[in-house]
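The first residue of the sequence shown is numbered 1, and numbering continues consecutively from there. Here the structure is a predicted model, which is why all the values come from computation and not from measurement.
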Amino acid sequence: MPRKRPVVGIIGNSHLINDQYSVHAGGTMNSQAVSEVAGALPLLIPADPRYVSVNELLEVCDGFLLTGGRPNVHPEEYGEAPTPAHGDFDRGRDAIVLPLVRACVERGQPFFGVCRGFQEVNVALGGTLYPEIRDLPGRMNHRMPPDGTLEEKFALRHSVRFSDGGVFHRLLGAAEVMTNTLHGQGIKHPGERIVIDGHAPDGTPEATYVRDAPGFTLAVQWHPEWNAANDPVSRPLFTAFGAAVQDWAARRA
C-alpha cells in the first residue's frame, strides 16, 4: 500500500468570474509543485473565517503554502491607512493567514511563503510593507510585465544574493541565483524575528526566515512554483519544504 502523503494546505484567493460569480481559487502550478516536487497532497483552502478556522486548518493540514495573489495585505494590519497605491485587498485572507502564520511559528508547523505569502509572514510578525517598490528612489520595477506569454511573464529577470553561509546559501548551494519577479509591494521594516537572508540588486528583500523558529519558515518574494520541477532554485526549495511537511506528519502520527 502506498505511503500516505502529508497534506499541504494551499491558501486560496477570492475571485469573481465574469464579474458576478464568486470563487476561491488557486493556481494549478501551486498544486503541481506541492504534489510533484514536495511530494504532498495539495488541498485548496478557502481563506475566509466564515468557512474555516485556524485551529481546524492546523489539525487538517501538515503544512501550508502561502501563495501569491493580486490582493495585498490591508495596511491596517501594520498600522497604516490604505491609499490607492495599496491596490485591492482580501480581508478574509488577512483574517486567516496572519494568525495562521503566528500559530505555525509557535508550533513548529511548516509553511512556505511565496510573494504575497512572503509579505504576510512579515506582517504577521509585526513588520510593514511599501505599497509600491518601483516608486522608491533607486529601486527597479519588480512588477509582472503587462504583456507577453506566461513564459515571458515568469522569465528570470534579476539576481538574488544570499547571506554568505546563510540558510538559503546552504540549501541552494549558491550565494547568488536568478529569479522571476512579479510583485509591486515589498518589505519596508522587517517584523520581529524576521531574518532577511537575500536581496535583489536594488536592495529589495527577497528571501526570509523566522529566527529561532522550531519549524520550516522560509519565504521568498519571487514565484518558485513556476517550473518548480525543473528550475534549479525552485526544486530544492519545494523539496526541502516537502521534507519538513513529511517530518511533521510523521511526528504527529
Asker: Report yes or no: do Val54 and Ile10 belong to one cluster of Ile/Leu/Val/Met/Phe/Trp/Tyr joined by side chain heavy-atom distances under 4.5 Å?
Answerer: no

Asker: Report yes if some heavy atom in the side chain of Thr217 is under 4.5 Å from a heavy atom in the side chain of Phe111; otherwise report no.
Answerer: yes

Asker: Can a side-chain donor-acceptor contact be found between His158 and Asp202 if the only test is distance below 3.5 angstrom?
Answerer: no

Asker: Mind listing the side-chain donor-acceptor pairs of residues 25-45 below 3.5 Å, one per line with the distance, residues two or more places apart or on another chain?
Answerer:
from: Gln32; atom 1: NE2; to: Glu36; atom 2: OE1; distance (Å): 3.4
from: Ser35; atom 1: OG; to: Arg5; atom 2: NH1; distance (Å): 3.0

Asker: Looking only at side chains, do Ser14 and Arg93 share a donor and an acceptor under 3.5 Å apart?
Answerer: no

Asker: Count I, L, V, M, F, W, Y as connected when their side-chain heavy atoms are under 4.5 Å apart, and connections chain through other members. Are Val195 and Phe112 then in the same cluster?
Answerer: yes

Asker: Parallel, tilted or perpendicular: which fits the ring planes of Phe89 and His86, with parallel below 30° and perpendicular above 60°?
Answerer: tilted

Asker: Nearest 0.5 angstrom please: His189 NE2 to Tyr130 OH, how far?
Answerer: 6.0 Å

Asker: After noting the C-alpha distance and the side-chain angles of Val121 and Val97, does the key distance pass the side chain to side chain contact (heavy atoms under 4.5 Å, CB included) rule?
Answerer: CA-CA 9 Å; Val121 174; Val97 176; over 6 Å; no

Asker: When you look at Glu120 and Leu98, which way does the side chain to side chain contact (heavy atoms under 4.5 Å, CB included) test go after all the steps?
Answerer: CA-CA 6 Å; Glu120 285 170 327; Leu98 299 181; 4.1 Å; yes

Asker: If you take all heavy atoms of Val73 and Asp94, which pair is closest and at what distance?
Answerer: CA-OD1, 3.7 Å

Asker: Regarding Arg211 and Asp197, does a basic nitrogen lie under 4.0 Å from an acidic carboxylate oxygen?
Answerer: no

Asker: Mind checking whether Ile187 and Thr208 have side chains closer than 4.5 Å, heavy atoms only?
Answerer: yes

Asker: Contact between Thr67 and Cys115 at the side-chain level, heavy atoms closer than 4.5 Å - yes or no?
Answerer: no

Asker: Under 4.5 Å between any side-chain heavy atoms of Leu171 and Leu218, yes or no?
Answerer: yes

Asker: Test side chain to side chain contact (heavy atoms under 4.5 Å, CB included) on Arg70 and Asn13 and set out the steps.
Answerer: CA-CA 8 Å; Arg70 186 170 296 277; Asn13 289 295; over 6 Å; no

Asker: In the single-linkage hydrophobic clustering (I, L, V, M, F, W, Y; side-chain heavy atoms under 4.5 Å), do Ile196 and Val167 co-cluster?
Answerer: no

Asker: What's the separation between atom CZ in Phe64 and atom CZ in Phe241, rounded to the nearest 0.5 Å?
Answerer: 9.0 Å

Asker: Is it true that Glu106 and Arg102 make a salt bridge, defined as a side-chain N closer than 4.0 Å to a carboxylate O?
Answerer: no

Asker: Working to the nearest 0.5 angstrom, can you tell me the gap between Asp231 CG and Glu225 CD?
Answerer: 11.0 Å

Asker: Run the side chain to side chain contact (heavy atoms under 4.5 Å, CB included) test against Arg252 and tell me which residues pass, sequence neighbours left out.
Answerer: Glu59, Asp62, Arg107, Gln109, Trp248

Asker: Can you measure from CZ (Arg50) to CD1 (Ile96) and round to the nearest 0.5 angstrom?
Answerer: 11.0 Å

Asker: Which atoms form the tightest heavy-atom contact between Ala244 and Phe216, and what is the distance?
Answerer: CB-CB, 3.6 Å

Asker: Nearest 0.5 Å please: distance from the OG1 atom of Thr181 over to the CZ atom of Phe154.
Answerer: 11.0 Å

Asker: Looking at Arg161 and Glu176, would you say the former's side chain and the latter's main chain have a donor-acceptor pair under 3.5 Å?
Answerer: no

Asker: Can you tell if the side chain of His183 reaches within under 4.5 Å of the side chain of Glu206, non-hydrogen atoms only?
Answerer: yes

Asker: Taking the side chain as everything from C-beta on, heavy atoms only, tell me whether Pro46 gets closer than 4.5 Å to Val52.
Answerer: yes

Asker: For Ala175 and Asp164, work out which heavy atoms get closest and say how close.
Answerer: CB-OD1, 4.2 Å

Asker: In terms of side-chain geometry, is the basic nitrogen of Arg143 or Glu132 positioned less than 4.0 Å from the acidic oxygen of its partner?
Answerer: yes

Asker: Among the clusters formed by ILVMFWY side chains lying less than 4.5 Å apart, do Trp226 and Leu66 turn up in the same one?
Answerer: no

Asker: Treating Ile, Leu, Val, Met, Phe, Trp and Tyr as nodes and any side-chain heavy-atom pair under 4.5 angstrom as an edge, say whether Val245 and Val220 lie in one connected cluster.
Answerer: yes

Asker: Identify the two heavy atoms, one from Arg157 and one from Pro145, that lie closest to each other, and give their separation to 0.1 Å.
Answerer: NH1-CD, 3.4 Å

Asker: Check Ala207 against Phe118 and note the closest heavy-atom contact, atom names and distance.
Answerer: N-CE1, 3.8 Å

Asker: About how many Å separate CG of Asn180 and OG of Ser234, when rounded to the nearest 0.5 Å?
Answerer: 7.0 Å

Asker: How close do Asn141 and Arg134 get, counting heavy atoms only, and between which atoms?
Answerer: OD1-CD, 3.7 Å

Asker: Among His142, Gln185, Gln119, which residue satisfies the side-chain hydrogen bond (donor to acceptor under 3.5 Å, both in side chains) criterion with Gln221?
Answerer: Gln119

Asker: Please lay out, stage by stage, how Asp88 and Asn72 fare under the test side chain to side chain contact (heavy atoms under 4.5 Å, CB included).
Answerer: CA-CA 6 Å; Asp88 299 325; Asn72 295 308; over 6 Å; no

Asker: Counting N and O atoms only, with roles assigned by atom type, does the side chain of Glu56 sit under 3.5 Å from a partner on the main chain of Ser53, one being a donor and the other an acceptor?
Answerer: yes

Asker: Do side-chain atoms of Arg116 reach the backbone of Pro71 as a donor and acceptor pair under 3.5 angstrom?
Answerer: yes

Asker: State whether the number of non-hydrogen atoms from other residues, nucleotides or ligands found under 6.0 Å of Glu192 atom CD is greater than 12.
Answerer: no

Asker: Counting C-beta onward and ignoring hydrogens, is there a side-chain heavy-atom pair between Val114 and His223 closer than 4.5 Å?
Answerer: yes

Asker: Side chains of Leu129 and Tyr78, heavy atoms from C-beta outward: is any pair under 4.5 Å?
Answerer: yes

Asker: Taking the six-membered ring where the residue is Trp, are the ring centres of Tyr209 and Phe168 under 6.0 Å apart?
Answerer: no

